[in-house]
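Everything on this sheet refers to the single structure shown next.
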Amino acid sequence: MVKHTATSVVTIERYIIEQEKLHPEATGELSGILYDLALAAKMIANKVRSAGLADILGATDDINVQGEVQQKLDVIANEIIVKAVDHGGRLCAMASEEEPEIIQIPDNFRCGKYCLLFDPLDGSSNIDVNVPVGTIFSVVRKITRGARGEMEDMLQPGRRQVASGYVIYGSSTMLVYTTGQGAHGFTLDPSIGEFLLSHPNIRIPQMGRYLSVNDSYERLWDDNVRGLMRRYRGLDGERTPMSVRYVGSLVADFHRNLLGGGLFAYPANKKSPKGKLRLLYEANPLAFIVEQAGGAATNGGKRILDIEPADLHQRTPLYIGSKLDVEMATSMLANPVPEEQPLAAR
Ligand code: P6P
């Protein structure tokens with residue numbers, strides 16, 4: 001494979017094909033899913049860019065599975081992704097943050113061997129104030145018999161992902177993905193409508209500059225979490241102080257830390273004892289990317305990618321970013337978070 005640099009003019013489609021050649025057994029189905037997601041990202045970027053103009057701001061009166069008031073763009077982004085991938089014959093089913101149940105492939109379309117799990121527009125509450133938002137996706141292989149996807153296909157640990165990625169709709173639109181051969185970033189050139197390679201082989205610094213945490217929950221944290229955050233801030237003399245940068249949009253906070261080094265933390269707290277972020281379509285895909293970039297991700301007691309899922313919309317505490325800072329979390333949070341029992345153990 002050609003070793004590209006950030007100055008190479010390489011489209012995401014070409015890069016996907018080059019990466020596919022690293023897998024002699026590849027059939028091109030996974031590449032097809034990534035093409036379709038890149039198309040969906042361009043369409044969502046268009047909607048996000050024009051959100052302030054077309055009076056589609058503000059919330060619908062629908063409530064999604066999270067009990068959150070759905071922003072109209074959430075619904076639109078969800079539809080765009082489903083319609084972009086449901087007819088390609090590569091998926092057996094999908095799961096979305098916006099839908100309570102598995103999304104089956106329409107009867108008139110062929111089923112494939114992969115499952116797609118996604119958060120169509122994370123951080124959507126930030127849309128009205130022009131803060132970056134993002135799409136997050138995860139791809140796993142079907143493991144059950146039969147053509148159609150089942151819940152068991154969705155409830156796989158993150159280490160079984162074959163691809164994952166995110167799109168950040170910020171000052172520019174970027175797509176970052178991995179298929180297990182490193183993490184690679186592409187920036188949308190709106191003048192030609194192409195994602196161009198801009199960040200080949202992303203590597204996250206081993207120690208971070210930035211700490212991303214909402215410390216308004218400090219009163220709800222356990223003592224060991226409070227102690228960890230003091231350490232990150234340099235208050236106990238064990239670590240050089242980190243600067244706090246918290247956007248309140250997971251993809252924006254994660255992306256800055258991935259490129260510049262840092263740690264994003266959303267600890268369990270007395271109000272959210274399992275944490276807030278979703279395992280299958282937020283923590284797992286970002287954990288795959290950060291490990292491919294030399295970082296790490298834990299729930300405070302266990303590697304995120306080794307957590308056995310029990311529920312489609314399961315939440316998890318999340319500490320993700322620079323490897324040494326994540327290791328500091330693991331060592332200071334000695335008591336693992338009680339896990340939900342996997343389906344089989346019920
Ligand atoms: P809090 C946005 O609603 C989100 O799901 C993530 O994007 C973000 O990291 C987190 O919640 C922010 O949560 O409790 O700090 O407002």
Side-chain angles (χ1 to χ4, degrees), residues 44 48 51 57-60 62-75 77-78 95-99 117-138 164-170 174 176 208 210-222 225-226 228-229 232 244-259 262-287 289-290 295 297-300 304 312-321 326 329:
I44 295 170
V48 170
L57 291 180
T60 59
D62 300 335
I63 302 287
N64 67 6
V65 292
Q66 325 302 339
E68 294 160 352
V69 175
Q70 272 188 313
Q71 296 288 336
K72 287 178 184 171
L73 271 180
D74 267 352
V75 176
N78 194 57
S96 167
E97 187 195 26
E98 299 301 332
E99 308 216 12
L117 302 95
F118 60 96
D119 183 351
L121 208 58
D122 179 76
S124 56
S125 55
N126 292 295
I127 291 170
D128 289 1
V129 292
N130 217 3
V131 164
V133 293
T135 297
I136 312 172
F137 64 87
S138 170
S164 78
Y166 66 89
V167 186
I168 178 167
Y169 309 101
M174 267 193 74
V176 177
Y210 300 117
L211 170 63
S212 304
V213 68
N214 182 345
D215 58 7
S216 68
Y217 298 123
E218 181 151 15
R219 71 196 187 287
L220 302 174
W221 290 337
D222 294 344
V225 174
R226 280 196 203 95
L228 174 65
M229 297 305 158
Y232 285 143
V244 177
R245 293 284 188 285
Y246 191 71
V247 177
S249 180
L250 172 61
V251 171
D253 282 315
F254 175 80
H255 184 69
R256 181 205 47 251
N257 295 345
L258 179 71
L259 297 188
L263 181 111
F264 173 92
Y266 204 106
N269 64 56
K270 292 181 178 56
K271 191 177 76 163
S272 311
K274 295 261 188 293
K276 174 181 184 182
L277 300 171
R278 307 295 175 173
L279 175 63
L280 290 180
Y281 42 76
E282 290 175 347
N284 273 346
L286 299 184
I289 285 182
V290 83
T298 176
N299 69 357
I304 288 290
L312 197 57
H313 301 287
Q314 174 174 336
R315 298 175 189 270
T316 178
L318 180 61
Y319 301 81
I320 186 168
V326 173

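Counting starts at 1 for both ligands and their atoms, in listed order. The residues of the chain are indexed from 1 along the displayed sequence.
Here the side chains of D215 and W221 are in contact, with some heavy-atom distance below 4.5 Å. At least one side-chain heavy atom of Y246 sits under 4.5 Å from a side-chain heavy atom of N214.
Within ligand 1, the atoms closer than 4.0 Å to a non-hydrogen atom of Y246 are 1 (P), 12 (C), 13 (O), 15 (O), numbered from 1 in the order shown. Atoms of ligand 1 found under 4.0 Å from any heavy atom of N214, numbered from 1 in the order shown, are 1 (P), 14 (O), 15 (O). Every atom of ligand 1 with a heavy atom of Y266 under 4.0 Å away is listed here by number and element: 1 (P), 13 (O), 14 (O), 15 (O). Annotation for ligand 1: atoms under 4.0 Å from non-hydrogen atoms of Y217 are 1 (P), 14 (O). Of all the atoms in ligand 1, the ones that sit under 4.0 Å from a non-hydrogen atom of F264 are 9 (O).
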* To do: Give the C-alpha distance, both sets of side-chain angles, the deciding distance and a yes or no for ring pair (Phe, Tyr, Trp, His ring centres under 6.0 Å) between F137 and Y281.
  => CA-CA 6 Å; F137 64 87; Y281 42 76; over 10 Å; no
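Residues passing the side-chain contact (heavy atoms from CB on, under 4.5 Å) test with V244 are L211, R233, sequence neighbours excluded.
Across the listed options E97, K271, K276, R278, K276 owns the non-hydrogen atom lying nearest to atom 3 (O) of ligand 1. Nearest to atom 5 (O) of ligand 1 by heavy atom, out of N269, L250, D122, is D122.
For E282, no heavy-atom contact with ligand 1 is shorter than 4.0 Å.
Looking only at atom types and distance, the side chain of N284 has no donor-acceptor partner in the side chain of S138 under 3.5 Å away. If you check the side chains of R256 and S212, you find a donor sitting under 3.5 Å from an acceptor. Counting only N and O atoms by type, the side chains of S272 and Y266 include no donor and acceptor under 3.5 Å apart.
For ligand 1, the polar-atom distance check finds no N/O of S249 at less than 3.5 Å from any of the ligand's N/O atoms.
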